[in-house]
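One structure is given below, encoded as structure tokens.
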Amino acid sequence: MKRTRVRFAPSPTGPLHMGGVRTALYNYLYAKQNGGDFVLRIEDTDSHRFVPGAEKYIIEALRWCGIYPDEGVDEQGNMVSVKSERHPHAPYRQSERRAIYRQYAEQLVEAGWAYYAFDSAESLEKARADAEARGETFIYNWSTRERLCNSLTMSAEECAARLKESSGWTVRFKMPKDRIVKMDDLIRGHIEVNSSTLDDKVLWKRADELPTYHLANIVDDHLMEITEVIRGEEWLPSLPLHYLLYEAFGWERPRFAHLSLLLKPVGNGKLSKRDGDKLGFPVFPMKWTSPEGEVSHGYREDGYFPEAFINMLALLGWNPGTEQEIFSLEELVKAFSVEKVIKSGAKFNPEKAKWFNKEYLRSKSDEELAALWMSELEERGVLAGSRVLAGSGVLAGSGVLAGSGEPSLATPEKVREIVALIKERATFVSDFWNISWYLFEAPKEYAPKDVAKFWKSENVEPALQACKECATGEELEEWIRSRELPMGKIMNCIRLVLSGSGSGLGIGDIIRFIGHDEVLRRWETAVEVLGR
RNA sequence: GGUGGGUUCGUAUAACGGUUAGUACUCAAGAUUCUCAAUCUUGCAAUAUGGGUUCGAUUCCCGUACCCACUACCA
């Protein structure tokens, strides 16, 4: 049995988007499930579209997701250029492999599977325009190659002379006429295409003296002993070419699986960078700043847990056939199967992404969540031991957590207790503050709508009296009940005083955290601001 | 235009050719609570379309419509 080897081969033309992450994930799951290798290869044969930083971003993004390539990337997160036991197929960047490809292009020409073409960009453009004028479509293949400028239409001498000139040349694949190419896809099943409809694809580019994707890809997949190619659907139309290339080289071909595309949440079409910015959700795993300075959101910075992100992505276009929805990476490795990958494109649903994060958030321990929240609390200056407000150098004195009666700051212990109280109400750690800020600071203003509703003397007087006499939520309830006063109205009046609005945590909980003295202090402020 | 792929509630999806077409998200209602959130219960809501094969079709075949991808010396 051959060892399973798959690869993820992105092009560093920009940040990896979530569709790319999903492709990488499926490859990774497939490799691990079969005890095989997951290789990362960088396909940078397009020198014009190269974007600095993109490669680094891709590697970092995969690491954030917990996807570590077995081959191609070293422990420091750099692409490997030198062969070693761990990385026997180095280099893994195609630009560093340029010397390898040339011979294969020539081999194909010698074997009659390809030919040299000398047509200028202008002449091809003209041919296209002429065809269009006649209402036809120009296609460089069996139907036209006899009339164009290539090694098939000129003498060997002339061709040799042309090759010596600096004018440049390309190598084109000589797509056979009328061959039914029979293909099999792990996801889509059997597919047949008549080769007559295909064109003579350029294999070797004159422009930068590099192979095109098609050549480099097949050569590298062969050299790197790839057994399964799992890639995006956009490659399906070139699958016949790739089949024929394997045949031309006489190589055993890998098995193929073409993944459907990720579609935008509304309307049609594939998910693009623009949609995210427009509809307010990230399409990238991490924040990305383009060389021009344009910033795009990332799941990481927006507060998503990598496990939630990965889980959500895994179920977008695949499901195990059971009703389980929450999967760890290890569970995904066990449950995944390419055959169950959905054929049709999946519209991405940002709401569901949030739901996943919420699920993961509540499954985390209070300690872990508290730890994640600490830096924000520190910046806000409400933490015991962090006296200085970030940037301002002002002493933090507004913290009022229960204790001595003097304004006091939150201890890690308190923070953990607060987290336990609020985590079920949050989707992100960044929601915590909005939910619980009034446990750390006294409200400075009061929601007008709730003031109008609850700040009435028939509520205010008993509410104040109750707060003076009771130290806990239970006592308060008993106090109100025994006097047969309207519970909701009185409680909301108190909540208004304590939190500045008519909605939020339970009164008992608030009092427990801020203490009785602080309750009375907040009453003083409220009466001052709102009158009686 | 050509070639290929696709089509089950709004979204993601389930259903050996036999199910009251299931589940989750969203939404709505009710329960609960001092409010909100959470939670629980209930509800709304789908097999694109026309033929065929079959005792029986979401499932198999053909046509149509619609959507997507590809159609570069991009990947």
Side-chain angles (χ1 to χ4, degrees), chain A residues 9-13 43-46 48-49 117 119-121 124-125 128 132 135-139 168-172 183 185 187-188 191-194 196-199 201-214 216-217 231-240 258 260-261 263 265-270 312 315-325 342-356 358 362 422-426 435 450 453-454 473 476-477 480-481 486-496 499 501-508:
Chain A
S11 174
T13 53
E43 308 223 325
D44 54 350
T45 53
D46 184 359
H48 304 290
R49 290 207 305 157
D119 312 88
S120 65
L124 289 175
E125 219 160 280
R128 282 194 190 97
E132 199 173 334
E136 295 164 14
T137 312
F138 172 78
I139 177 164
W169 43 268
T170 66
V171 172
R172 280 183 184 268
M183 300 162 286
D185 184 281
I187 296 168
R188 283 150 213 284
I191 301 168
E192 294 189 1
V193 173
N194 188 324
S196 290
T197 64
L198 272 18
D199 67 338
K201 273 273 174 293
V202 169
L203 262 22
W204 188 270
K205 297 182 280 183
R206 159 174 43 200
D208 35 24
E209 301 198 312
L210 240 30
T212 58
Y213 169 86
H214 304 290
N217 187 266
R231 72 215 316 187
E233 190 182 52
E234 67 269 27
W235 294 111
L236 198 51
S238 40
L239 186 58
H258 289 86
S260 60
L261 266 18
L263 272 21
V266 293
N268 298 311
K270 63 177 173 182
M312 177 273 292
L315 264 68
L316 206 52
W318 169 84
N319 90 74
T322 66
E323 275 171 14
Q324 184 179 354
E325 287 201 276
I342 312 303
K343 294 185 182 75
S344 52
K347 274 192 182 184
F348 168 63
N349 182 201
E351 289 303 323
K352 188 83 183 205
K354 283 185 186 162
W355 176 80
F356 272 108
K358 191 185 269 185
R362 52 176 57 186
I422 63 174
K423 71 173 178 181
E424 303 254 304
R425 311 164 85 99
I435 297 170
D450 295 318
K453 210 164 159 193
F454 301 114
L476 215 46
E477 260 185 72
I480 298 165
R481 206 182 311 278
M487 184 68 76
K489 285 178 181 170
I490 306 293
M491 282 300 203
N492 273 312
C493 181
I494 298 173
R495 179 175 290 102
L496 181 66
S499 76
S501 93
S503 62
L505 296 167
I507 298 294

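Both backbone and side-chain heavy atoms feed into the values below; hydrogens, waters and symmetry mates do not. The sequence lines fix the lettering, A, B, ..., with proteins before strands; numbering per chain opens at 1. None of the values given here were measured: they were computed from a predicted structure.
Closest to the side chain of A/Ala346, from the set B/rA75, B/rG5, B/rA12, is B/rA12. Of the candidate nucleotides B/rC25, B/rG6, B/rC74, B/rC74 has the atom nearest to the side chain of A/Lys205. With distances taken from any side-chain atom of A/Lys347 to the nucleotides B/rA12, B/rG6, B/rG4, the minimum falls on B/rA12. Nearest to the side-chain atoms of A/Glu233 among the listed nucleotides B/rG5, B/rA38, B/rA24 stands B/rG5. When each of B/rU11, B/rA24, B/rC70 is scored by its nearest atom to the side-chain atoms of A/Lys270, the top-ranked nucleotide is B/rC70. Checking B/rG6, B/rA75, B/rC25 against the side-chain heavy atoms of A/Lys343 singles out B/rG6 as nearest. Of the candidates B/rU3, B/rG5, B/rA75, B/rA75 carries the atom nearest the A/Asp46 side chain, counting heavy atoms from C-beta on.
At least one side-chain heavy atom of A/Arg172 sits less than 4.5 Å from a side-chain heavy atom of A/Thr170.
Using a 4.0 Å heavy-atom cutoff across all strands shown, A/Gly269 reaches sugar-phosphate atoms only and no base atom. Counting any heavy atom pair closer than 4.0 Å across all strands shown, A/Arg188 reaches sugar-phosphate atoms only and no base atom. Within 4.0 Å (heavy atoms only), A/Thr45 reaches sugar-phosphate atoms of the nucleic acid but no base atom. In this structure, A/Ile191 reaches the sugar-phosphate backbone alone: every heavy-atom distance under 4.0 Å involves primed, P, OP1 or OP2 atoms, never a base. At a threshold of 4.0 angstrom between heavy atoms, the contacts of A/Trp204 with the nucleic acid are absent. Residue contacts for A/Thr137: at a heavy-atom cut-off of 4.0 Å it reaches a base atom on one of the strands shown. Residue contacts shown for A/Asp44 are absent, as no nucleic acid heavy atom lies under 4.0 Å away. Counting any heavy atom pair closer than 4.0 Å across all strands shown, A/Thr212 reaches sugar-phosphate atoms only and no base atom. Among the heavy atoms of the strands, none lies under 4.0 Å from A/Ile422.
At a threshold of 4.0 Å, the pair A/Glu233-A/Arg188 counts as salt-bridged, since one of the basic side-chain nitrogens sits closer than that to a carboxylate oxygen. Under the 4.0 Å criterion applied to side-chain N and carboxylate O atoms, A/Lys352 and A/Glu325 are assigned as salt-bridge partners. Between A/Arg49 and A/Asp46, at least one side-chain nitrogen of the basic residue sits less than 4.0 Å from a carboxylate oxygen of the acidic one, meeting the salt-bridge criterion.
Taking for each of A/Ser120 and A/Leu198 the nucleotide of RNA chain B with the nearest heavy atom, the 5'-most of the two is the partner of A/Leu198. Mapping A/Leu124 and A/Leu261 onto RNA chain B by nearest heavy atom places A/Leu261 at the nucleotide closer to the 5' end.
Separating the C1' atom of B/rC27 from that of B/rA15 is a span of 25 Å, rounded to the nearest Å. A gap of 36 Å separates the C1' atoms of B/rG2 and B/rC9, to the nearest Å.
Here A/Ser196 pairs with A/Trp142, A/Lys177, A/Asp178, A/Asn194 under the side-chain contact (heavy atoms from CB on, under 4.5 Å) rule; sequence neighbours left out.
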Open item on the list: Please convert RNA chain B into dot-bracket. A pair counts if it is Watson-Crick or G-U wobble with both distances under 3.5 Å; crossing pairs go in [ ] and bases paired with another strand get |.
Closed with: (((((((..((((....[...)))).(((((.......)))))....(((((..]....))))))))))))....

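Within a 6.0 Å sphere centred on CD of A/Gln324, heavy atoms belonging to other residues, nucleotides or ligands number more than 12.
By the 30° and 60° cut-offs, the orientation of the rings of A/Tyr213 relative to A/Trp235 is parallel.
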Task: Per-nucleotide protein contact string for nucleotides 31-36 of chain B (B base, S sugar-phosphate only, - none; heavy atom under 4.0 Å) - done: ---BBB

